[in-house]
Asks: 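The structure under discussion is supplied below as structure tokens; questions concerning it will follow.
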Amino acid sequence: MSYVRAMRGLFRADALRVARDRFLVGAAVYLFATGAAMRWVLPAVAAGVRRRWQVDLEPYFPLITSYFVIGLGAMAVGVVGGFILLELREERSIVALRVSPFPLRLYVAGFSLIIALVGAGVALAEAAIIGLGLPPWNMLPAIALVGGSGASVVAMYLGAFPSNKVEAFAHMKFVSVVAAVPLGAYFLPGSWQYLACLAPPFWTMKAWWVAEAGGGSWPVWTVGGGLTTMGLVTFFSSRFQAAGSASSGS
């Protein structure tokens, strides 16, 4: 059997896992429904706050939208991918992959790429749905591609470290905290924001803010985000394969 045919069969099985899991399907529906609501609710809330407290929330639309699109969007896609990988470990399917002629590392690389592309597609779709606080559309695809690819970081992390889906929910709390770090960094003055560079979503969210404001350094932040993502995916992928080895030995 060719590698291409084997990959197609494995990813078809992964798609079926998602389709039959109500939690994962519900998470996807919730993400897009919330994005659609934000398009109408956010301006209404901003208008109400302006009338009642004379506070203008519109300058913070880029912060809110970037967090939803890059932070929460990538995390949601990554959670779906992470649960697929955990199911592979729980069902010991990863053991079968290890003893087959099909290299596990090739499956992991292909899986990471697909999750990254899905994350980028979701990020672009969410940005188009919300339509508020966006960078120019000639810059947005590059930022969304890098920011959405953070989904593969979340997927590989959840596939590598929790032992089962129950533990994965606890790890999701840590992931959500990391995704929220840029929200606090946004209000830090000057170079103090750089402390948040340890949180992967910060790089592309910073690129989003700079591009929306018309700054010229957004490609630097985007490239930094891409390099950070690649490094973390490589590390977490190796840990996932090591965890699979441990499972096969138990």
Asks: Which heavy atom of W218 sits nearest a heavy atom of A142, and at what distance?
Replies: CZ3-CB, 4.2 Å

Asks: So which atom in G81 and which in A155 form the shortest heavy-atom distance, rounded to 0.1 Å?
Replies: C-CB, 3.8 Å

Asks: I'd like to know whether CH2 of W40 has more than 12 heavy-atom contacts from other residues, nucleotides or ligands below 6.0 angstrom.
Replies: no

Asks: Which distance, rounded to the nearest 0.5 Å, do you find between the CD1 of I84 and the CG of L158?
Replies: 11.5 Å

Asks: Quick check: are there more than 12 heavy atoms from other residues, nucleotides or ligands sitting under 6.0 Å from CE of M139?
Replies: yes

Asks: Decide yes or no for W208 and T65: does some side-chain heavy atom of the first lie under 4.5 Å from some side-chain heavy atom of the second?
Replies: yes

Asks: State the CG-OG distance between L85 and S112, to the nearest 0.5 angstrom.
Replies: 7.5 Å

Asks: In Å and rounded to the nearest 0.5 Å, what is the CD1 to OG distance from I114 to S152?
Replies: 12.0 Å

Asks: Looking only at non-hydrogen atoms, find the nearest pair between A199 and V178 and report the distance.
Replies: CB-O, 3.8 Å

Asks: Which heavy atom of C197 sits nearest to which heavy atom of W221, and what is that distance?
Replies: SG-CZ3, 4.1 Å

Asks: Do you reckon Y67 sits in the same ILVMFWY cluster as V181, going by side-chain contacts under 4.5 Å, direct or chained?
Replies: no

Asks: Applying the 4.5 Å side-chain criterion to the ILVMFWY set and letting contacts propagate, would F240 and M230 be lumped into a single cluster?
Replies: no

Asks: Restricting to non-hydrogen atoms, name the atom on A74 and the atom on G150 that form the minimum distance, rounded to 0.1 Å.
Replies: CB-C, 4.3 Å

Asks: Is there side-chain contact between L88 and Y107, with heavy atoms separated by less than 4.5 Å?
Replies: yes

Asks: Does the side chain of V146 come within less than 4.5 Å of W203's, by heavy atoms?
Replies: no

Asks: With a 4.5 Å heavy-atom cut-off, do M38 and E126 have their side chains touching?
Replies: no

Asks: Within a strict 4.5 Å, meaning less than it, do heavy atoms of the L124 and W137 side chains meet?
Replies: yes

Asks: Taking the side chain as C-beta and beyond, is there a heavy-atom pair between M156 and V108 under 4.5 Å?
Replies: yes

Asks: State the CZ-CD1 distance between F68 and I129, to the nearest 0.5 angstrom.
Replies: 8.5 Å

Asks: Evaluate the criterion side chain to side chain contact (heavy atoms under 4.5 Å, CB included) for residue pair I70 and I143; output intermediate values, then yes/no.
Replies: CA-CA 9 Å; I70 294 176; I143 298 173; 4.1 Å; yes

Asks: When rounded to the nearest 0.5 angstrom, what distance separates OG in S237 from CZ in R239?
Replies: 12.0 Å

Asks: Looking at every heavy atom in both I115 and V77, which two are closest together, and how far apart are they?
Replies: O-CG1, 3.9 Å

Asks: In this structure, would F174 and M75 fall into the same cluster of hydrophobic residues linked by side-chain contacts under 4.5 Å?
Replies: yes

Asks: So do the side chains of L183 and Y186 get within less than 4.5 Å of each other, counting heavy atoms only?
Replies: no

Asks: Can the ring centroids of F161 and F236 be said to lie less than 6.0 angstrom from one another?
Replies: yes

Asks: Just verifying a value: how many Å separate Y60 OH and W209 CH2, rounded to the nearest 0.5 Å?
Replies: 12.5 Å

Asks: Out of curiosity, does Y194 fall in the hydrophobic cluster containing L198 (side-chain heavy atoms, cut-off under 4.5 Å, transitive links)?
Replies: no

Asks: Are the side chain of R89 and the backbone of P162 linked by a donor-acceptor contact shorter than 3.5 Å?
Replies: yes

Asks: Does any N or O in the side chain of R39 come within less than 3.5 Å of the main-chain N or O of A128, such that one atom is a donor and the other an acceptor?
Replies: yes

Asks: For the hydrophobic clusters of this structure (ILVMFWY residues joined by side-chain heavy atoms under 4.5 Å, transitively), does one cluster hold both V223 and M205?
Replies: no

Asks: Side chain to side chain contact (heavy atoms under 4.5 Å, CB included) for F187 and L63? Distances and angles first, verdict last.
Replies: CA-CA 10 Å; F187 297 98; L63 171 64; 3.9 Å; yes

Asks: Can you find a pair of side-chain heavy atoms, one from L42 and one from F61, that are under 4.5 Å apart?
Replies: yes

Asks: Look at the aromatic rings of F169 and F83 and report parallel, tilted or perpendicular, splitting at 30° and 60°.
Replies: perpendicular

